[in-house]
Every structure is written in structure tokens, then in C-alpha cells.
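Here's the structure we're looking at; comments come further down.
Order of appearance sets the numbers: ligands from 1, and atoms from 1 within every ligand. The figures that follow rest on heavy atoms only: side chains count, while hydrogens, waters and symmetry mates do not. We're numbering straight along the sequence, starting at 1.
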Amino acid sequence: MSPYVADPVYLNGQFLPLAEAGISPLDRGFLYGDGVYELIPVYSRRAFRIDEHLNRLAATLAGIKLANPLDQAGWKAVVEKLIADAPWDDQSIYLQVTRGADNKRDHAFPTTPVPATAFAFAGPLVTTPPDVRARGVSAISVADQRWARCDLKVISLLANVLARQQAVEDGCAEALLIRDGWLKEGAASNIFVVKNGVLLAPPKTQLMLPGITYDIILELAESRGLPLEIREIHETELRSADEVWMTSSTKEVLAITQIDGQPVGNGQPGPVGEQMWQWYQDFKQSVMRKG
Ligand code: PDD
């Protein structure tokens, strides 16, 4: 077994060892990046916000005109078996669906329908070490070179991959994607800004992934009375922010304390982000205690 992938994995209706899971080289996910994915965090063997993740999967499938191979109950059964068979209590469940393999290479969809390829596996949940969280992380800013449907969680991630690699080569944890002067999100995270005690969040448009964590942050801000403005954030506001955070299913709420070598605010994680991190932990605990 790979230390990052538990056995068994799920492939097209079967549970089998990773080493025995094979797909055709003509799979359209391989040839065209023609597919979608989800990543669901699992805490104490409980899938977190699974309905929201499965709803986003369904919305992305509809957005690329691919029939969902499983209904909500079917996906839940797959996820539950993967969780039960994996050796870790905290996990990340990866789901991927592609448009399957035709007998030829053609950009247009197969004329005779072929079955979708559905793949899923459990891995360990890789979280941020406490000392890194306490210090915050550095980021670079880059031009957003993605396509115009960033709201769809598709596997064609080359622009995100190149942006994140640039960050890594520059010794940073994330790349902030700027389109025409406006902050959209990170290469694999949503980005929030705090200025004068007000939380600023870019709106959900076709140029940003609607993060499941992003929604939780907005819910927490609203329910706890934190001043919140959902609006476009200009690059100049990003650079003069008091706090900047990245959020995702694996990063949760993580302070960005340096952008392009310049400190954010005083260069330390700020009080609003610390508060939000605590609220997020409390919320997770309250959800896990239920049921
Ligand atoms: N990425 N924006 C982008 C471009 C992302 O890839 C992600 C998550 C997010 C945050 O979404 P969520 O809160 O639902 O995790 C925002 C996942 C973790 C990944 O690609 O592995």
C-alpha cells in the first residue's frame, strides 16, 4: 500500500487494491483532462460537509455535460466504505469522474456513449503543522492564466499547477491569482483579506471556485457578527491589507504573512484570522459531536 493511498480504492463499481486498478490510455481524462474531481476532508472517520461536496460535484458534472455515474446515496456508500477500510482517523477522500474511454481520439464527445470512469480513494489528511500555522506562510502573486470557468472543479489544472510550482520554486506556500488587477483566489485555495476589522471576500463568480471552506467562513462571520463585505478585491487592497488568509478543505484557515517578499500587516498572523481559526475548530467539533 502507498503511504498516501489506502487499499482498497474504488474504480467503476469495484473496490480493489491500487496496484490492480487500471484504466485505458484512451481515457478522456488522460487525453484531454476531460473530467471533474472533489476532495472531502474526514475528521474522526466522519466526512465533513459531504452533502455540499457532492452537490458541487453534481454541479460541476452538469457544467461539463457529463451524467453523474452515481447518485448522492451511491457516492455516500463509496465514501463510507473507503473511510472504514483506511487506516487513518483523519483522511482526505478524493473523487474523480472522467468522460471515459472511446475507441479513438476526438475532441467532441463519443458519438456512441461510453461509461464514465469513476475513481475514488482515501488518503491521510495532511494538515498544517502548528509551528507553521503560528508563523503563517508566504505567497507570491501571479497573473491568473486559467480559463473562464474557474467555478467548475475540473481536473484540467495546468495553470494552477504551474502557478503553485512557481510559488514552491520561490520558497512560498501559495500563488495568489490576479486577473486584470483583481484578486480571485489561490492556486488551490480561496483568499480572504482583513482591512480595518472588516473581512473582505471575493464574490462567487465564474472566475473563482466556490469553496466549501469559503462558505463556512462566510457563515461563521455572519453568525458571529464579524463585519463582512463580499466584493471584488483590488490588488492594491491585497498589498495594503492588515491580514490575508488562505482557506481550503486541507489548509482550513491559514494566515499569509508575506506576499512577494513584503510583510502583510505587521508580518504576523492577525487577531481576526486567529479568531476565525478558533471558530472553525469549534464548528468542526460541534458538527462531529452530532449523530
Ligand atoms: N483545492 N480554489 C481552488 C482553485 C481550489 O483548488 C480549492 C481546493 C479551493 C478551496 O475549496 P474547498 O474549500 O472546497 O477545499 C479554492 C483542493 C483542496 C485540491 O485541489 O486539492
Side-chain angles (χ1 to χ4, degrees), residues 4-5 29 33 35-43 47-60 63 79 90-97 119-128 137 139-168 173-179 182-193 201-221 230 233 244-254 256 276-277 279-281 283-284 287:
Y4 298 105
V5 179
V36 313
Y37 77 107
E38 267 304 320
L39 189 129
I40 309 171
V42 172
Y43 301 104
F48 187 57
R49 288 256 159 158
I50 185 160
D51 289 315
E52 288 79 357
H53 280 280
L54 294 178
N55 289 342
R56 185 172 64 184
L57 180 74
T60 299
V79 169
D90 292 352
Q91 305 172 18
S92 60
I93 300 291
Y94 180 83
L95 311 177
Q96 177 170 315
V97 183
F119 174 54
F121 67 87
L125 187 65
V126 179
T127 51
T128 309
V137 295
I140 55 168
S141 65
V142 299
D144 189 350
Q145 293 180 327
R146 299 173 301 164
W147 70 331
R149 288 307 306 274
C150 305
D151 56 322
L152 301 175
K153 200 163 172 62
V154 293
I155 59 170
S156 338
L157 285 170
L158 193 50
N160 306 60
V161 165
L162 293 176
R164 179 58 80 83
Q165 181 59 24
Q166 184 65 51
V168 169
E174 184 55 302
L176 309 184
L177 307 179
I178 313 283
R179 200 182 284 244
W182 300 97
L183 168 68
K184 293 300 164 192
E185 57 182 327
S189 59
N190 289 113
I191 305 295
F192 290 84
V193 164
K204 285 185 192 173
T205 66
Q206 292 191 345
L207 298 178
M208 182 186 101
L209 186 81
I212 305 300
T213 320
Y214 169 99
D215 278 344
I216 299 172
I217 302 297
L218 295 192
E219 286 169 29
L220 290 170
I230 301 173
I233 301 170
V244 176
W245 325 326
M246 60 191 284
T247 71
S248 78
S249 294
T250 53
K251 298 290 186 283
E252 302 189 334
V253 183
L254 181 59
I256 292 175
M276 183 55 78
W277 181 82
W279 288 339
Y280 194 85
Q281 301 311 312
F283 175 73
K284 256 170 39 185
V287 171

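Note on ligand 1: Arg56 sits in its first shell, one or more heavy atoms being nearer than 4.0 Å. For the pair Pro41 and ligand 1, no heavy-atom separation below 4.0 Å is found.
For ligand 1 and Ser249, the ligand atoms under 4.0 Å from any heavy atom of the residue are 12 (P), 13 (O), 14 (O), 15 (O). Ligand-side atoms of ligand 1 in range of Ser248: 10 (C), 13 (O), 15 (O), range being under 4.0 angstrom from any heavy atom. Listed by number with element, the atoms of ligand 1 under 4.0 Å from a non-hydrogen atom of Leu209 are 2 (N), 3 (C), 5 (C), 7 (C), 9 (C), 11 (O), 16 (C). Contact atoms of ligand 1 toward Ser189: 2 (N), 3 (C), 5 (C), 7 (C), 9 (C), 16 (C) (distance under 4.0 Å to a heavy atom of the residue). Listed by atom number, the atoms of ligand 1 under 4.0 Å from Gly186 heavy atoms are 4 (C).
Given atom 21 (O) of ligand 1, the protein heavy atom at minimum distance is Leu39 CD1, 4.0 Å. If you check which protein heavy atom lies closest to atom 17 (C) of ligand 1, you get Lys153 NZ, 3.5 Å. Protein heavy atom in closest approach to atom 6 (O) of ligand 1: Ala188 CA, 3.4 Å. Nearest protein neighbour of atom 20 (O) of ligand 1, counting heavy atoms only, is Tyr37 OH, 2.7 Å. Distance from atom 11 (O) of ligand 1 to its nearest protein heavy atom, with residue and atom name: Gly211 CA, 3.6 Å. The nearest heavy-atom contact from the protein to atom 3 (C) of ligand 1 is Glu185 OE1, 3.4 Å.
Side-chain contact between Asp144 and Leu207 is absent, with no heavy atoms from C-beta onward closer than 4.5 Å.
Taking the ring centroids of Phe121 and Tyr4, they lie at or beyond the 6.0 Å cut-off.
Using a 4.0 Å cut-off between heavy atoms, Met208 makes no contact with ligand 1 at all. Residue-level proximity to ligand 1 for Cys150 is absent, since no heavy atom of it falls below 4.0 angstrom.
Electrostatic pairing of Arg149 and Asp151 counts as a salt bridge here, judged by a charged N lying under 4.0 Å from a carboxylate O. One finds no salt bridge joining Glu174 and Lys251 here, because no Lys/Arg side-chain nitrogen approaches an Asp/Glu carboxylate oxygen to under 4.0 Å.
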